[in-house]
Amino acid sequence: MKHTVKALLILCLAAALLLTGCSSDSLERVMQQLGQLLYGAQSVHYSDMEYARPDLDEFRRKLDAAVTGAGEDTDADTLMEKVYGFYEAYYDFYTDYALANLHYCNNVTDLYWSKEYDFCLNAGPEVDAGMDQLLYALADSALREDLEATDFFGSGFFDDYQGDSIWDETFTDLMNEEYRLIGRYYDISAQAQDMDIYSKEYYNVYGTQLEALFVELVAARQRIADYLGYRSYPEFAYEFYYGRDYTPAQAARLMDGIRQELVPLFRELPYDVWDPLYTASSEEETFAYVETCAKALGGTAAEAFDLLKTYGLYDIGFGENKYNGSFEIFLLSYGEPFVFLNPDGSRQDCLTFAHEFGHFCSDYAAGCSNAGVDVAEVFSQGMEYLSLFYGEDTGGLTRMKMADCLCTFVGQAAYASFEQSVYGLKGSELTVENMEALFRRTALDYGMEDYEWEDWSYVTVPHFFTNPLYIISYVISNDAALQIYQAEAAESGAGWKLMEDNLATAETGFAAFTEAAGLDSPFLPGRAAAIRATLEEILE
């Protein structure tokens, strides 16, 4: 039985919205169609979007009506009216969830938005369980054939919903426990907002709390995987959350190739490649960099940026209490994407904004992207690389990006390797001391000896807490994105065409996507060595 997260509900994992569920590719298509039917692209300015705390009682009433209709209605049109009503409530919930998240991230010390975001976060398991309940009820309905005969659902839509749903009381309780722990992570992070996360003071006050919390989270997630009969939590997460068409074992071999081939080059990086990090970039300069790139690319990029600019679908300014991260998120009920940035004031902000704008373009092109998360990261990182050709680079940004490319392969592979190994610690072995020892060994294996870090530094990585087993996506997607850069370097416009042609893809599997797009797979033997040759030439 295959259970994967609804791709359109991975609003952006970097946003730290852990949205769970299970669905099929056909569900993603139907939800996209429904969104266009109910809402369409409304072209609403962000400042005019109103938040209301989701009415869970109304959500339950609409769910009960649709589930009851699945068992009692004798007319498909009558049943579909109730289904639409449920989906509308479902969309509204996740739109308000996203708005609460954006307001909270703009100022994590704001108690009102903290409470609203907490409410939505904790309601997530019930809402997703409701979706699952309805789909199983429709699959068991006497009207199933009539529903699948429509263009809206299509033949075989309910094939993934045979038998019993995994969203029983026990599973929902397990998921609620994970969400509760994630909520604690946000609370601790908000309390530490004004503190240097690399300082000893931070560790003494908050780092120790986060280490203990991470032990609890790992144990809670292991219980989830055990309950569903998976051999390991990574296997569960790869399938349930990300629908990956490669295994943790394949990822481990890829990471080992990076360790052997790219770490030696990483150790030789000269410090002057990072000079742009010490060159200031104002909000206006950062915005202009990506706008120039979008206009030069034309087509989808130009159209998407015009939407972003006209309707204020971005927050890229400095904020003293902003969430420590950047992301793109889709506002379902409005049919519009949104970019959130926490700038550091350097030229790096130009690339970060380009990265999130790549996600924005994909969501714009698809009307809410149905691509798998690994595939989605190709477009974000691809836009970074393309911006080097069209964003009026100054001050060594291209060279720094190539160094960053190498660091993405090595650094994110190190994090992914550590994280995958963490979930192998069980029972009495699952301790803070063993996690620190594992992080120390991993850091040294990946050439971090010349960089400042502590054995407890893993608590500064939000993804470990909020988006388990996601980090490997940055590694494999960086490979495909680098190929976009190479195509653009070989022929002006070729890299952008490759990317634009695939922006609206609904492919969830990364291996399937690279094959369809004519890209080399990161899992090919010798691939890491080929990447090393390319980067050596650029960085020399």
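Between Y238 and Y246, the ring planes are perpendicular. Angles over 60° get that label, and only those under 30° would be called parallel.
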Practice item. Output, in order, the C-alpha distance, side-chain angles, deciding distance and verdict of side-chain hydrogen bond (donor to acceptor under 3.5 Å, both in side chains) for Y179 and D118. Key: CA-CA 10 Å; Y179 276 41; D118 247 10; over 6 Å; no
Check your understanding: Taking it one step at a time, do K426 and E429 satisfy salt bridge (charged side-chain N to carboxylate O under 4.0 Å, His left out)?
Key -> CA-CA 5 Å; K426 294 188 176 182; E429 294 181 344; over 6 Å; no
Practice item. Apply the test salt bridge (charged side-chain N to carboxylate O under 4.0 Å, His left out) to residues D187 and R184: give CA-CA distance (whole Å), side-chain angles for both, the deciding distance (0.1 Å), then the verdict. Key: CA-CA 5 Å; D187 289 341; R184 276 179 53 195; over 6 Å; no
Practice item. Would you please test D168 and Y227 for side-chain hydrogen bond (donor to acceptor under 3.5 Å, both in side chains) and show each step? Key: CA-CA 11 Å; D168 58 19; Y227 179 69; 2.4 Å; yes
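A donor-acceptor contact shorter than 3.5 Å is absent between the side chain of W456 and the backbone of G207. In terms of modelled atom types and a separation under 3.5 Å, the side chain of Q412 and the main chain of V475 share no donor-acceptor contact.
When all heavy atoms of G69 and L79 are compared, the pair lying nearest together is C-CD1, 3.5 Å. Closest of all the heavy-atom pairs between N101 and I329 is ND2-CD1, 3.7 Å.
The side chain to side chain contact (heavy atoms under 4.5 Å, CB included) check on D349 picks up T286, P343, D344, with sequence neighbours excluded. Looking at residues two or more places apart in sequence or on another chain, you find no ring-ring contact (aromatic ring centres under 6.0 Å, His included) involving Y112. With sequence neighbours left out, the side-chain hydrogen bond (donor to acceptor under 3.5 Å, both in side chains) criterion links Y423 to R221.
Of the inter-residue distances, the one linking F418 atom CZ with T442 atom OG1 reads 7.0 Å to the nearest 0.5 angstrom.
Inspection of the E116 and Y51 side chains reveals an N or O donor paired with an N or O acceptor under 3.5 Å. Side-chain atoms of E377 and S380 form a donor-acceptor pair, as typed in the model, at a separation below 3.5 Å.
More than 12 heavy atoms of other residues, nucleotides or ligands sit less than 6.0 Å from atom CG of D173. By the neighbour-count criterion of 12 heavy atoms within 6.0 Å, atom CD of Q191 is densely surrounded, having more than that number from other residues, nucleotides or ligands.
Note: Y186 and F465 fail the aromatic proximity criterion, with ring centroids not under 6.0 Å apart.
With H355 as reference, E384 is the one residue of E384, E328, Q381 to meet the side chain to side chain donor-acceptor pair (under 3.5 Å) rule. With H463 as the partner, the ring pair (Phe, Tyr, Trp, His ring centres under 6.0 Å) test is satisfied by one option alone out of Y474, Y185, Y415: Y474.
Comment: D57 engages R60 in a salt bridge, judged by a side-chain N to carboxylate O separation of less than 4.0 angstrom. Electrostatic pairing of R244 and D374 counts as a salt bridge here, judged by a charged N lying under 4.0 Å from a carboxylate O.
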